[in-house]
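See below for the structure under consideration.
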Amino acid sequence: MSMSKEDDLSSNSELLSDVFQYLLDCIIVDVASESHRIARLGLDRNLDEEEEELRLSADARARTSETCHSSEANGKYIVDIFGQTHPPIANEIFDCMNCGRSIMAGRFAPHLEKCMGKGRKARLKSTRSSTASQTNRYSRGSPLSSQSPYSNSTALNQLPNGSAGNEHLNGALEEP
Amino acid sequence: MSRRHSVNRPPTPDVRDDDEDDRPKEPTLLEIVNIKLIESGEKERLMELVRERLVECGWKDEMRALCRAFIKKNGRENVTVDDLVRAITPKGRASIPDSVKAELLQKIRTFLVSVAH
């Protein structure tokens, strides 16, 4: 494209706006064509105003009636916006990572309290080192003296196995 | 059938008498640029960019609302694409946001410069 400088500038700016208008017109035609298609195929449900009003009021009526009937009226569960209900106590079952028992999720916190040692009634898990086992033996000393003879003998039996078995027995004794 | 066509295409231009000596018609500058735009893929990129910008700023929604209003007024079955184009073009051209216009002009300018060399 060889042109003189003056021609260059004026025709360039004219060309620029021409190209701009051209692209814009393409897009306008696209939008018009899309709207036309939707209208002619009847894909636009809201085209008729009166039926839209009727539909909106019918929808609103349905929505209020279903919210009234769902949650408190039933008495039991609360329904969330996705229509799901949740039981008051979580009932998924999994294994406790401390003692390995199957626990219900809703009962996990109380279980952990007993399992991990909030106080004298629970035992700590023993480790392999001799110091740890010594400490365990010492700590077992006091519970043994304060508990009933039944637990005494079973505790003695469990000694070589470590404290895991103890927890089981303790848990069985304590839990309702 | 007196039914209007949905899309009115202008009739194919007749061959003029001067062209009978087989001289090829001189393409306009716009046509040349258009061909270059399409060949390089720049037209597709520009169109996508502009479409995205116009959706973001709500221009497309405005245009579609105008179309719907027009269709509601004139009846769904009687409307042609050309009617709609004619109805929304003035408002459409006027309501382009300045930022979008500037961005597009800049990109076209860059393209023209790259093509001229």
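So you know, we letter chains A, B, ... as the sequences are listed, proteins then strands, and number each from 1. Because the structure is predicted, anything quoted here is derived from the model rather than measured.
Within the 4.5 angstrom heavy-atom criterion, atoms from both the backbone and the side chain of B/L105 approach chain A. Of the two parts of B/L112, only the side chain, counted from C-beta on, holds a non-hydrogen atom closer than 4.5 Å to a non-hydrogen atom of chain A. Proximity to chain A is limited to the side chain of B/L37, based on heavy atoms less than 4.5 angstrom apart. Proximity to chain A (any heavy atom under 4.5 Å) is shown, for B/D82, by neither the backbone nor the side chain. For B/L30, the parts sitting under 4.5 Å from any heavy atom of chain A are the backbone and the side chain alike. Contact annotation for B/K107: neither backbone nor side-chain heavy atoms come within less than 4.5 Å of a heavy atom of chain A.
Heavy atoms of other residues, nucleotides or ligands lying less than 6.0 angstrom from CG of A/D59 number more than 12.
Put simply, the side chain of B/W59 never gets that close to the backbone of B/P97: no donor and acceptor are under 3.5 Å apart. Under the 3.5 Å distance criterion, the side-chain polar atoms of B/S40 are matched with a main-chain donor or acceptor of B/K36.
Classification of B/R76 and A/D44 as a salt-bridged pair fails, no side-chain N sitting under 4.0 Å from a carboxylate O. Using a cut-off of 4.0 Å between Lys/Arg side-chain N and Asp/Glu carboxylate O, B/R51 and B/E56 are scored as not salt-bridged.
Distance check, rounded to the nearest 0.5 Å: CZ of A/R107 to CD1 of A/I103 gives 9.5 Å.
Of the listed residues (A/L16, A/V31, A/D18, A/D25), the greatest number of heavy-atom pairs within a distance under 4.5 Å of chain B belongs to A/L16.
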